[in-house]
Amino acid sequence: MTPANMQFFCGFVRKRSGLVLSEDKNYLIESRLNPIARKLGLNSLDAVAEALRAGRSISLETAVIEAMTTNESSFFRDRAPFERLKGSILPKLMAARSESRRLNIWCAATSTGQEPYSLAIMFKELEAQLKGWKIDILATDISSAVLEKAKAGLSTQFGVQRGLPIQVLVKHFTQEGERWRIDPSLRAMVRFRQYNLLEDFSSLGTFDIIFCRNVLIYFDRELKSNILDRLPKVMAQDCALFLGAAETLIGLTDGFRLVPGERAIYEPSESDQHDMIQRKATG
């Protein structure tokens with residue numbers, strides 16, 4: 001592949017998905033895109049690049065983006081965010097919403113669904129406390145392929161062994177051959193939708209809890225700031241934003257502040273809360 005086409009692929013992927021690929025990632029690009037070239041009967045990645053430049057195949061563009069997207073997930077990943085949500089964030093939100101008795105949750109870049117299903121399991125375990133509550137979990141991802149896997153609610157033996165205690169597994173999953181299917185009641189708690197984080201958020205609604213964990217690490221500073229500056233517009237005034245343990249907002253945005261006593265959990269800053277109130281008052 002020519003250096004010019006390597007540069008083209010990096011720019012194409014960033015523009016369409018936000019994913020930043022350095023030009024020294026030749027091996028990664030080649031390993032993920034060569035199967036696409038073979039499937040289409042193209043003899044090289046240079047030919048794939050030319051086909052993309054021609055812009056005549058939406059399916060090719062989609063296949064390239066989905067191939068380059070990193071899909072890493074596991075049940076109750078890192079565990080601490082789920083414990084903090086259950087132990088400190090959720091009680092505050094329930095007290096604040098005692099009249100509406102509704103919680104809206106967004107899992108961004110959900111991959112194959114382990115994160116939203118982990119939340120569904122957690123809320124199911126709290127069923128007695130949440131009697132009469134409406135819990136809506138929206139799970140989005142740019143990749144239609146991983147979303148189809150997520151919707152199926154099926155996991156491999158290896159997949160369920162990552163993060164699921166055996167008592168949770170047998171309670172909420174049914175074994176089907178070498179795979180495990182999540183209980184239909186938990187599957188029904190999650191809405192899956194294909195969505196690109198570079199798009200306008202306004203169509204998504206307003207959320208009380210947002211999980212955007214280990215996603216921004218794949219974007220450059222400019223795109224991180226852009227996403228973070230737009231997030232408060234779909235957040236309730238006391239919404240909790242969960243990021244990955246290694247992620248920080250320092251130098252990226254003034255739109256958030258760390259929730260007191262928490263780590264990697266943020267809420268809209270006072271200025272953004274004021275702006276939201278003003279928008280609702282005039283809207």
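Every heavy atom of this structure was used, including side-chain atoms; hydrogens, water molecules and symmetry mates were not.
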Asker: Would Lys92 and Asp238 pass as an ion pair if we require N to O under 4.0 Å?
Answerer: no

Asker: Donor-acceptor pair, Arg16 side chain versus Ile65 backbone, under 3.5 Å?
Answerer: no

Asker: Measure from NZ or CZ of Arg53 to the centre of the six-membered ring of Phe8, then state whether that distance is under 6.0 Å and the direction lies within 45° of the axis.
Answerer: yes

Asker: Is it true that Arg213 and Ser73 share a donor-acceptor pair across their side chains at a distance under 3.5 Å?
Answerer: no

Asker: Do Leu243 and Ile89 share a hydrophobic cluster, counting only Ile, Leu, Val, Met, Phe, Trp and Tyr and linking them when any side-chain heavy atoms are less than 4.5 Å apart?
Answerer: no

Asker: Hey, mind stepping through Leu138 and Phe192 against side chain to side chain contact (heavy atoms under 4.5 Å, CB included) and telling me if it holds?
Answerer: CA-CA 6 Å; Leu138 173 65; Phe192 291 98; over 6 Å; no

Asker: Do Ser59 and Glu61 have side-chain N/O donor and acceptor atoms under 3.5 Å apart?
Answerer: no

Asker: Please report the closest heavy-atom contact between Phe256 and Leu249, naming both atoms and the distance.
Answerer: CB-CD1, 3.6 Å

Asker: Hey, does the side chain of Asn34 reach the backbone of Glu30 with a donor-acceptor pair shorter than 3.5 angstrom?
Answerer: yes

Asker: If hydrophobic clusters are built by linking Ile, Leu, Val, Met, Phe, Trp and Tyr wherever their side-chain heavy atoms come under 4.5 Å apart, do Leu154 and Met189 end up in the same one?
Answerer: no

Asker: Could you walk me through whether Met68 and Ser17 pass side chain to side chain contact (heavy atoms under 4.5 Å, CB included), step by step?
Answerer: CA-CA 9 Å; Met68 295 311 305; Ser17 70; over 6 Å; no

Asker: Under 3.5 Å, side chain of Gln194 to main-chain N/O of Ile142, donor-acceptor pair present?
Answerer: yes

Asker: If you count heavy atoms of other groups shown closer than 6.0 angstrom to CZ of Arg230, is the number above 12?
Answerer: yes

Asker: Just do the side chain to side chain contact (heavy atoms under 4.5 Å, CB included) check on Ile182 and Thr174 with the steps written out, would you?
Answerer: CA-CA 7 Å; Ile182 196 164; Thr174 301; over 6 Å; no

Asker: When you measure from the side chain of Asp208 to the backbone of Asn104, do you find a donor-acceptor pair of N or O atoms at a distance under 3.5 Å?
Answerer: yes

Asker: Going by atom types only, do His172 and Gln167 share a side-chain donor-acceptor pair under 3.5 Å?
Answerer: no

Asker: Ala108 and Val215: which non-hydrogen atoms are nearest, and at how many Å?
Answerer: O-CG2, 4.0 Å

Asker: Would you check if the side chain of Arg181 reaches a backbone N or O of Ala152 as a donor-acceptor pair within less than 3.5 Å?
Answerer: yes

Asker: Would you say Leu90 and Leu126 make side-chain contact, with heavy atoms under 4.5 Å?
Answerer: yes

Asker: For Arg263, look at atom CZ and say whether over 12 heavy atoms of other residues, nucleotides or ligands are found less than 6.0 Å away.
Answerer: no

Asker: Relative to each other, are the rings of Phe201 and Tyr195 parallel, tilted or perpendicular (30° and 60° limits)?
Answerer: tilted

Asker: Indicate the atoms forming the closest heavy-atom contact of Ala120 with Val190, along with that distance.
Answerer: CB-CG2, 4.4 Å

Asker: Sub-3.5 Å donor-acceptor pair from the side chain of Arg79 to the main-chain atoms of Phe82, do we have one?
Answerer: no

Asker: Taking atom types as modelled and ignoring hydrogens, do the side chains of Asp200 and Ser202 form a donor-acceptor contact shorter than 3.5 angstrom?
Answerer: yes

Asker: In terms of side-chain geometry, is the basic nitrogen of Arg179 or Glu176 positioned less than 4.0 Å from the acidic oxygen of its partner?
Answerer: no

Asker: Name all residues meeting the side chain to side chain contact (heavy atoms under 4.5 Å, CB included) criterion together with Ala80; count only those two or more places apart in sequence or in a different chain, and write none if there are none.
Answerer: none

Asker: Arg97 and Arg102: which non-hydrogen atoms are nearest, and at how many Å?
Answerer: CD-O, 3.6 Å

Asker: Determine whether a donor-acceptor pair (N or O, by modelled atom type, separation under 3.5 Å) exists between the side chain of Thr110 and the backbone of Ala139.
Answerer: no

Asker: What heavy-atom pair brings Arg101 and Lys131 nearest, and what distance separates the two atoms?
Answerer: NH2-O, 2.7 Å

Asker: Does Leu252 share a hydrophobic cluster with Val20, counting links as ILVMFWY side-chain heavy atoms below 4.5 Å and allowing steps through other members?
Answerer: no

Asker: Looking at Lys86 and Glu83, is any side-chain nitrogen of the basic one under 4.0 Å from a carboxylate oxygen of the acidic one?
Answerer: no

Asker: Among Leu204, Ile209, Ile137, which residue meets the side chain to side chain contact (heavy atoms under 4.5 Å, CB included) test with Trp106?
Answerer: Leu204

Asker: Going by distance alone, is a donor N or O of one side chain under 3.5 Å from an acceptor N or O of the other, for Thr253 and Asp229?
Answerer: yes

Asker: Please test Leu186 against Ile121 for side chain to side chain contact (heavy atoms under 4.5 Å, CB included), starting from the C-alpha separation and ending with a verdict.
Answerer: CA-CA 7 Å; Leu186 294 172; Ile121 291 169; 3.8 Å; yes

Asker: What residue among Tyr117, Phe158, Phe173 forms ring pair (Phe, Tyr, Trp, His ring centres under 6.0 Å) with Phe75?
Answerer: Phe173

Asker: Between Asp141 and Ser111, is there a donor-acceptor pair closer than 3.5 Å when you use the side chain of the first and the backbone of the second?
Answerer: yes

Asker: With no hydrogens and no angle check, is any side-chain donor or acceptor of Ser225 less than 3.5 Å from a backbone partner on Glu222?
Answerer: no

Asker: Whether the side chain of Asp46 engages the backbone of Thr2 through a donor-acceptor N/O pair (distance < 3.5 Å, no angle test) should be reported.
Answerer: yes

Asker: What heavy-atom pair brings Leu119 and Phe211 nearest, and what distance separates the two atoms?
Answerer: CD2-CZ, 4.0 Å

Asker: Please name all residues satisfying side chain to side chain donor-acceptor pair (under 3.5 Å) with Glu262, sequence neighbours left out, ordered by chain then number.
Answerer: Arg84, Ser88

Asker: Should Tyr218 and Ile29 be regarded as members of a common hydrophobic cluster, given that ILVMFWY residues are connected when their side-chain heavy atoms come within less than 4.5 Å of each other, either directly or indirectly?
Answerer: yes

Asker: Once rounded to the nearest 0.5 Å, what's the spacing between atom OG of Ser155 and atom CD of Glu178?
Answerer: 14.0 Å

